[in-house]
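The structure presented is a predicted model; accordingly, all values stated were derived computationally and were not measured. Numbering starts at 1 and runs along the sequence shown.
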Amino acid sequence: LERTLGVPIFQEQVMQLAIVAAGFTPGEADQLRRSMAAWKRKGGLEPFEQRLIQGMQERGYSLEFAQQVFQQILGFGEYGFPESHSASFALLAYASAWLKCHEPAAFTCALLNSLPMGFYGPAQLIQDARRHGVEVLPVDVRFSDWPSTLEPDNAPQPALRLGLQRIKGLSEAAALRLLEARQKAPFQHVDDLARRAGLQRGDLEVLAAADALKGLAGHRHQARWLALGQEKPLPLFRQIHQQESLPLLPPPSEGEELVADYSALGLTLGRHPLALLRPSLQKYRLTLAANLPALSHGRFTRAAGLVINRQRPGTSSGVIFMTLEDETGHINVVIWRDLAERARRVVLTARLLLVTGVLEREGGVHHLIAGRLQDLTHLLGNITTKSRDFH
């Protein structure tokens with residue numbers, strides 16, 4: 001156990017300990033390993049207790065020491081794993097950290113194309129990438145592929161182009177027809193796109209809702225108008241492609257764009273929702289996420305953000321951990337069991353949450369220990385946000 005400072009961490013170490021200290025055969029040690037992996041669920045280590053203790057006593061170890069070693073083995077079942085897993089996890093963690101640091105666009109692109117997975121949703125991945133200098137380009141029928149892709153740029157990093165698969169309600173079959181038609185020639189207008197890609201009115205409506213027709217039709221309202229005008233022509237008129245002039249429709253407001261983005265894509269490339277709500281939030285005297293690290297340990301403060309995940313680990317004794325997001329970053333919140341039970345509805349359903357509590361700092365990590373919770377979801381209006389919850 002020298003390499004791990006006297007603590008058995010790897011399964012192979014416990015097997016070797018049983019062989020050297022208690023006289024187990026390799027086969028018996030492997031049976032011990034198998035039992036350790038399952039003992040929390042259905043028991044199974046009891047048959048080995050006497051064998052381990054007796055074997056160690058026969059080799060000169062005291063009864064007290066032998067019992068202590070057995071308790072270590074029981075405790076090992078809570079956290080132990082094969083050394084090969086440890087090496088694999090370390091390599092994955094290092095490679096992921098290197099990619100995120102040096103190739104943030106490629107790292108984020110790969111994560112988006114691997115969803116659903118991991119801790120964060122697409123909105124949080126995009127927010128983090130942009131905070132780290134990645135240019136994120138919108139979904140566009142002229143340039144987007146089905147997955148998200150990288151586009152060369154003059155900047156040190158390539159730009160990240162969102163893929164058509166981010167659009168809610170767009171089938172992959174329709175997207176593939178679009179891509180096949182685009183390979184032959186660029187689209188000239190919405191009618192050209194609909195005709196050559198064989199898109200139905202419903203396909204065009206979801207593209208318009210996602211603002212993916214902006215390059216061909218202008219803003220969302222104009223794109224929506226053109227999508228609504230797409231009806232299947234009678235056979236006599238299939239060869240007639242007459243472009244009608246667009247009415248002078250007003251462009252959507254910033255708030256309308258935000259609502260539409262979240263509804264169609266689950267994210268926005270515009271301003272963060274809390275940036276738009278900041279005037280309404282001023283009366284609460286909130287601390288921004290970016291300013292929390294500057295506060296001293298034990299400081300009483302308030303913060304608010306979109307709820308992006310909830311966790312209640314089985315070993316947390318009812319404590320709930322939440323992560324909030326404002327326009328400047330993330331806020332880690334700890335909700336003790338008593339408060340979680342009193343404010344159960346708010347904890348489980350709030351999408352915009354205000355937390356009043358005490359800041360706790362340890363090293364470079366800070367948490368807001370909640371003392372009071374307030375549901376501000378009503379301020380979001382029609383904006384639909386989602387959290388990734390692991391209960």
Side-chain angles (χ1 to χ4, degrees), residues 93 96-97 100-101 104 118-121 123-133 267 271-380 383 385-391:
S96 298
K100 189 178 188 304
C101 178
F119 198 70
Y120 298 109
Q124 287 71 53
L125 295 175
I126 293 298
Q127 291 284 347
D128 179 76
R130 297 177 78 184
R131 281 194 290 268
H132 287 83
L267 57 89
R271 288 199 294 166
H272 191 278
L274 262 68
L276 272 67
L277 295 176
R278 192 54 60 187
S280 301
L281 295 172
Q282 286 181 348
K283 63 181 180 181
Y284 297 106
R285 298 181 181 179
L286 303 173
T287 301
L288 295 175
N291 296 333
L292 287 175
L295 300 183
S296 59
H297 176 79
R299 174 76 176 270
F300 181 84
T301 189
R302 292 189 189 93
L306 300 178
V307 179
I308 63 173
N309 58 61
R310 298 174 175 89
Q311 294 183 91
R312 186 170 54 195
T315 57
S316 69
S317 302
V319 178
I320 293 179
F321 302 92
M322 298 177 70
T323 305
L324 311 182
E325 178 190 72
D326 67 15
E327 67 269 38
T328 68
H330 294 157
I331 304 159
N332 299 315
V333 179
V334 178
I335 305 172
W336 298 124
R337 180 176 181 174
D338 289 347
L339 177 59
E341 291 178 350
R342 293 199 311 270
R344 178 179 173 82
R345 185 192 63 80
V346 173
V347 169
L348 296 181
T349 65
R351 293 186 291 117
L352 175 57
L353 184 65
L354 187 155
V355 180
T356 303
V358 176
L359 186 73
E360 185 176 273
R361 296 173 58 96
E362 185 174 349
V365 180
H366 55 275
H367 295 82
L368 187 56
I369 309 301
R372 182 170 178 267
L373 305 173
Q374 187 172 350
D375 189 351
L376 300 181
T377 303
H378 63 278
L379 296 178
L380 292 175
I383 299 175
T385 62
K386 291 185 178 181
S387 60
R388 297 177 68 84
D389 301 333
F390 304 87
H391 295 303

All heavy atoms of Leu274 vs all of Gly305, minimum pair found to be CD2-CA, 3.7 Å
Do any side-chain atoms of residues 324-331 form donor-acceptor pairs under 3.5 angstrom with protein atoms, and if so which ones, sequence neighbours left out?
unit_1	atom_1	unit_2	atom_2	d
Glu325	OE1	His272	NE2	3.0
Asp326	OD1	Thr328	N	2.7
Asp326	OD1	Thr328	OG1	2.8
Asp326	OD1	Gly329	N	3.1
Asp326	OD2	Ala289	N	2.8
Glu327	OE1	Arg278	NH2	2.7
Glu327	OE2	Arg278	NE	3.0
Glu327	OE2	Arg278	NH2	3.2
Thr328	OG1	Ala289	N	3.3
Thr328	OG1	Ala290	N	3.0

Rounded to the nearest 0.5 Å, the CZ atom of Arg310 sits from the CG atom of Leu348 at a distance of 6.5 Å
Note: Pro279 and Ala275 closest approach over all heavy atoms is CD-O, 4.2 Å
Next item on the list: Might you work through the side chain to side chain contact (heavy atoms under 4.5 Å, CB included) test for Arg388 and Ile308, ending with a clear yes or no?
Entry: CA-CA 6 Å; Arg388 297 177 68 84; Ile308 63 173; over 6 Å; no
Residues at least two apart in sequence or cross-chain that pass ring-ring contact (aromatic ring centres under 6.0 Å, His included) with His366, listed by chain then number, are none
The complete set of side chain to side chain donor-acceptor pair (under 3.5 Å) pairs with one or both residues in residues 341-351, sequence neighbours excluded, reads Arg337-Glu341, Arg351-Thr385
(request) Check whether any side-chain heavy atom of Gln374 sits under 4.5 Å from a side-chain heavy atom of Tyr284, and report yes or no. (result) yes
Applied to residues 292-311, the ring-ring contact (aromatic ring centres under 6.0 Å, His included) test, sequence neighbours excluded, yields none
From the list Leu353, Leu277, Leu306, Leu281, side chain to side chain contact (heavy atoms under 4.5 Å, CB included) partner of Leu376 resolves to Leu281
In Leu339, Asp375, Ile335, Val333, the residue satisfying side chain to side chain contact (heavy atoms under 4.5 Å, CB included) with Val347 is Ile335
The side-chain contact (heavy atoms from CB on, under 4.5 Å) partners of Phe119 (sequence neighbours excluded) come to Asn309, Gln311, Thr323
The complete set of side chain to side chain donor-acceptor pair (under 3.5 Å) pairs with one or both residues in residues 354-364, sequence neighbours excluded, reads none
Ser96 meets the side-chain hydrogen bond (donor to acceptor under 3.5 Å, both in side chains) criterion, sequence neighbours left out, with none
* Side chain proximity check, Val355 to Arg302, heavy atoms < 4.5 angstrom -> no
Residues at least two apart in sequence or cross-chain that pass side-chain hydrogen bond (donor to acceptor under 3.5 Å, both in side chains) with Lys100, listed by chain then number, are Asp128
- Query: Do Val334 and Val319 come close enough that some side-chain heavy atom pair is under 4.5 Å?
  - Reply: yes
Those residues at least two apart in sequence (or on a different chain) that pass salt bridge (charged side-chain N to carboxylate O under 4.0 Å, His left out) with Arg271 are Glu254
By side-chain contact (heavy atoms from CB on, under 4.5 Å), Ala129 pairs with (sequence neighbours left out) Thr108, Val134
Sorted by chain and number, sequence neighbours left out, side-chain hydrogen bond (donor to acceptor under 3.5 Å, both in side chains) with Thr301 holds for Thr287
d(Leu295 CG, Leu368 CG) to nearest 0.5 Å is 9.5 Å
